[in-house]
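Everything on this sheet refers to the single structure shown next.
Note that the structure is predicted; figures quoted are calculated from it, not measured. Per chain, numbering begins at 1; letters A, B, ... match sequence-line order.
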Amino acid sequence: MTDAPTKPVVARFCPSPTGNPHVGMARTALFSWAFARHHGGTFVFRIEDTDASRDNQESYDLLVDVMRWLGLDWDQGVEVGGPDGPYRQSERMDIYADVAQKLLDAGLAYKAYDSAEELEERRDAARAAGLPSGYDGLHRDLTPEQQAAYEAEGRQPVIRFKMPLKDWTFDDLVRGEITFGSENVQDFVIVRANGQPLYTLTNPTDDALMGITHVLRGEDLLSSTPRQIALYEAFAQIGVGDGTTPQFGHLPYVMGAGNKKLSKRDPESNLLGYRDQGFLPEGLLNYLALLGWSLPAVEGVERDVFSLADMVEAFEISRVNPNPARFDLQKCTAINGDHIRLLSGAELQERLVPSFQSAGLVSDPPTADETSLLAAAVPLVHERMALLNEAVDMLRFLFVDEADFVIDEADRAKQLDDKGLEVARAAREALGAIPETAEWSTPTIEGALRASLIDGLGLKPRLAFGPVRVAVTGSRISPPLFESIELLGRRRTFARLDAAL
RNA sequence: GCCCCGUUGGUCUAGCGGUUAUGACGCCGCCCUCUCAAGGCGGAGAUCGCCGGUUCGAAUCCGGUACGGGGUACCA
């Protein structure tokens with residue numbers, strides 16, 4: 001299968017605003033976006049909010065917010081507009097009504113009056129007989145008299161699309177040729193009895209009207225593809241769209257723990273949660289890309305940490321793996337750590353500001369002192385973190401008011417026992433002996449401490465510095481000690497050692 | 001029931017008829033080292049779901065089968 005479209009690519013992402021944006025959705029958006037960008041095409045962002053009972057504005061806002069955070073920009077769509085708007089289906093109802101009417105007028109769709117009970121009964125019978133259980137086509141060819149009779153009974157009809165009687169074969173962009181037999185693709189409802197259009201109509205209508213050339217979506221929609229192809233062929237007859245049918249590619253699921261699809265309820269699936277935890281959009285996206293796709297090896301060397309730009313350059317839909325992938329938070333976090341290490345110190349510092357602000361350690365906007373302290377402190381933790389929020393915990397001791405400084409009790413017990421206090425006392429003396437006139441710097445601090453604790457007391461380094469670390473930073477785990485002491489400053493360092501003794 | 005999709009170490013993944021089956025995350029060990037990381041080195045872990053077939057030769061091609069997933073809605 002080749003991956004060289006002949007006409008300009010127009011791809012789209014068209015979620016329904018129900019609940020929290022989840023990672024599977026982001027993966028679908030990413031692949032569609034990367035596909036469009038790779039081919040220099042257009043990316044459309046449309047919202048499918050045709051079901052008023054499930055859709056809501058808050059969810060819509062979240063969707064827009066998260067797409068912007070991820071950096072998946074769109075050329076046409078909600079918020080930005082475009083030639084084929086509006087891009088919210090709730091604002092396009094007249095269009096769907098018009099298309100449905102045209103389909104009816106052309107004899108490509110029909111009114112069906114079956115009641116829910118009747119349908120269920122026939123469906124059960126078909127199953128029992130080992131037959132496919134879709135609509136049996138009973139009202140396909142009702143005469144006007146029969147229709148009038150049903151209406152006289154007070155029945156409100158749905159509109160069903162009349163599937164041409166033939167087999168349906170298409171070449172899926174990720175799975176290859178797929179065929180559905182005619183008997184398994186029955187007439188489907190496109191407009192509810194109350195006049196509301198359904199996804200089955202709105203989605204292909206918009207794709208046709210917006211000139212979508214490539215439809216990349218979740219594999220849950222694979223079996224509805226024949227219906228959509230049939231609809232496109234009908235559109236060609238009634239003049240909706242340009243008469244062509246897009247190509248389809250069905251992306252595998254992103255699964256959660258166990259073996260089930262990551263659901264919207266699952267906290268691991270909540271995209272905003274990742275932002276709050278301090279994931280970088282490029283880190284999350286990189287990991288998501290790895291779920292079903294990989295950068296081609298260059299001269300036999302595989303690479304799994306890459307930028308969005310790298311992905312755009314290399315993204316071939318034919319390389320997408322058709323099988324579902326389990327989301328692994330640990331690996332996602334590890335990849336994110338790699339991306340953090342790829343950031344310059346200045347970039348990292350900038351991205352860290354919001355985390356420090358929400359922890360109440362830095363004001364909004366940061367003061368000059370806070371900014372310079374951050375600038376000096378960030379290099380200390382840059383390669384020690386996988387998530388932005390981890391920096392807050394590691395550096396809290398530098399930013400916190402003295403009154404709020406606390407020592408972890410478990411660590412105090414382990415390190416500041418009698419022996420440890422003795423070491424801390426020696427450290428306090430050694431540091432206090434550094435002349436006021438001498439620079440309070442990492443080398444001087446290290447020199448003083450080593451001379452006193454290692455050479456003087458004859459301690460192993462880990463035994464020497466542990467108690468000092470706990471007294472000064474509040475934890476057995478901290479950024480490098482001497483640098484930390486330098487940044488803390490003379491006064492605060494002395495105060496903390498004194499307080500610990 | 002019927003239809004469709006999928007199946008390579010715990011997880012993700014490379015592989016497109018001939019490899020000691022690739023790499024990553026995780027795990028274990030060692031080195032580095034003031035803690036933790038990062039980094040370096042090494043290791044354990046896969047009879048490529050199973051059975052047949054094609055072929056000199058199959059993870060790769062074909063057929064079946066099992067298991068998992070999806071669809072079968074007046075949800076999307």
- Item | Counter-base of B/A66, judged by Watson-Crick or G-U geometry with both distances under 3.5 Å | B/U7
- Query: How is A/G130 classified with respect to the nucleic acid when contacts are heavy atoms under 4.0 Å: base, sugar-phosphate, or nothing?
  - Reply: sugar-phosphate
- A/R319 vs B/G15: side-chain N/O to OP1/OP2 distance below 4.0 Å: yes
- Query: What is the pairing partner of B/U22, taking Watson-Crick or G-U wobble pairs with both distances under 3.5 Å in any strand?
  - Reply: none
- Query: With a 4.0 Å cut-off on heavy atoms, is A/F180 in touch with a base, just the backbone sugar-phosphate, or nothing at all?
  - Reply: sugar-phosphate
- Query: Across all strands shown, which nucleotide pairs with B/G39 by Watson-Crick or G-U wobble geometry, both distances under 3.5 Å?
  - Reply: B/C31
- Task: May I ask you to say what A/N321 touches in the nucleic acid, namely base, sugar-phosphate or nothing, with a heavy-atom cut-off under 4.0 Å?
- Result: sugar-phosphate
- Item | B/A46 pairs with, by Watson-Crick or G-U criteria that keep both distances under 3.5 Å | none
- Note on the structure: By nearest-heavy-atom nucleotide on RNA chain B, the more 5' of A/I477 and A/A193 is A/I477
- What class does the angle between the rings of A/H214 and A/F35 fall in, given that below 30° is parallel, 30 to 60° is tilted and above 60° is perpendicular? tilted
- Message: Determine whether a donor-acceptor pair (one donor, one acceptor, N or O, separation below 3.5 Å) exists between the side chain of A/R469 and the base of B/C34.
- Response: yes
- Is the phosphate of B/A73, meaning OP1 or OP2, less than 4.0 Å from a side-chain N or O of A/R123? yes
- Query: Which nucleotide, B/A37, B/C74, B/A76, lies nearest any side-chain atom of A/Y199?
  - Reply: B/A76
- Quick one: is A/R192 getting a side-chain N or O under 4.0 Å of the B/C75 phosphate, OP1 or OP2? yes
- Quick one: label A/R303 by what it contacts on the DNA or RNA (base, sugar-phosphate, nothing), any heavy atom closer than 4.0 Å. nothing
- Correct closest heavy-atom pair for A/H382 and A/I340 would be NE2-O, 2.8 Å
- Could you tell me whether A/V189 contacts a base, only the sugar-phosphate backbone, or nothing, with contacts defined as non-hydrogen atoms closer than 4.0 Å? sugar-phosphate
- Task: Could you tell me whether the side chain of A/T225 and the main chain of A/L222 form a donor-acceptor pair under 3.5 Å?
- Result: yes
- Item | Residue closer to the 5' end of RNA chain B, A/T179 versus A/Q186 (nearest nucleotide) | A/T179
- Just checking A/L131: base, sugar-phosphate only, or nothing, at a heavy-atom cut-off of under 4.0 Å? base
- If you check the A/R175 side chain, which of B/C34, B/G6, B/G69 turns out closest? B/G6
- Message: Once hydrogens and angles are ignored, does a donor-acceptor distance under 3.5 Å link the base of B/G71 to the side chain of A/S224?
- Response: no
- Note on the structure: Of the candidates B/C74, B/A76, B/C36, the side chain of A/R384 sits closest to B/C36
- Task: For A/L449, answer base if it contacts any base atom (sugar-phosphate contacts may also be present), sugar-phosphate if it contacts only those atoms, and nothing otherwise; contact means non-hydrogen atoms under 4.0 Å.
- Result: nothing
- Item | A/S478 side chain near B/C34 phosphate (N/O to OP1/OP2, under 4.0 Å) | no
- Would you indicate what A/F188 reaches in the nucleic acid, counting non-hydrogen atoms under 4.0 angstrom: base, sugar-phosphate, or nothing? nothing
- Message: Parallel, tilted or perpendicular: which one describes the rings of A/F45 and A/F13, with boundaries at 30° and 60°?
- Response: parallel
- Query: Looking only at atom types and distance, does a side-chain atom of A/D114 sit under 3.5 Å from a main-chain N or O of A/L119, one as donor and one as acceptor?
  - Reply: no
- Message: Tell me if the aromatic rings of A/W440 and A/F494 count as close, with their centers under 6.0 Å from one another.
- Response: yes
- Note on the structure: Applying the 3.5 Å cut-off to both distances, the Watson-Crick or G-U partner of B/G1 turns out to be B/U72
- Task: For A/Q415, answer base if it contacts any base atom (sugar-phosphate contacts may also be present), sugar-phosphate if it contacts only those atoms, and nothing otherwise; contact means non-hydrogen atoms under 4.0 Å.
- Result: nothing
- The nucleotide from B/G70, B/U8, B/G26 with an atom nearest the side chain of A/Q330 is B/G26
- Contact class for A/P480 vs. all strands (heavy atom < 4.0 Å): base, sugar-phosphate, or nothing? base
- Classify the nucleic acid contact of A/S294 as base, sugar-phosphate or nothing, counting any heavy atom under 4.0 Å across all strands shown. sugar-phosphate
- Out of B/C4, B/C74, B/G23, which has the shortest distance to the side chain of A/R160? B/C74
- Task: Step by step, work out the ring pair (Phe, Tyr, Trp, His ring centres under 6.0 Å) result for A/F188 and A/Y135.
- Result: CA-CA 7 Å; A/F188 56 99; A/Y135 187 63; over 10 Å; no
- Query: Which is true for A/L222 with a 4.0 Å heavy-atom rule: it touches a base, it touches only sugar-phosphate, or it touches nothing?
  - Reply: sugar-phosphate
- Would you classify A/G292 as touching base, sugar-phosphate or nothing, given that sugar-phosphate means primed atoms plus P, OP1 and OP2, and contacts are heavy atoms under 4.0 Å? sugar-phosphate
- Note on the structure: Against the side chain of A/F465, the closest entry in B/C4, B/C34, B/A37 is B/C34
- Query: Under 4.0 Å: is that the gap between some side-chain N or O of A/N184 and OP1 or OP2 of B/C2?
  - Reply: no
- Note on the structure: Quick note, ring-ring contact (aromatic ring centres under 6.0 Å, His included) partners involving residues 282-303 of chain A, not counting sequence neighbours, are A/Y287-A/F327, A/W293-A/F306, A/W293-A/F315
- Report the nucleotide, chosen from B/C12, B/C34, B/U11, that has the shortest atom-to-atom distance to any side-chain atom of A/D328. B/U11
- Of the listed B/G70, B/C75, B/C25, the closest approach to the A/A334 side chain comes from B/C25
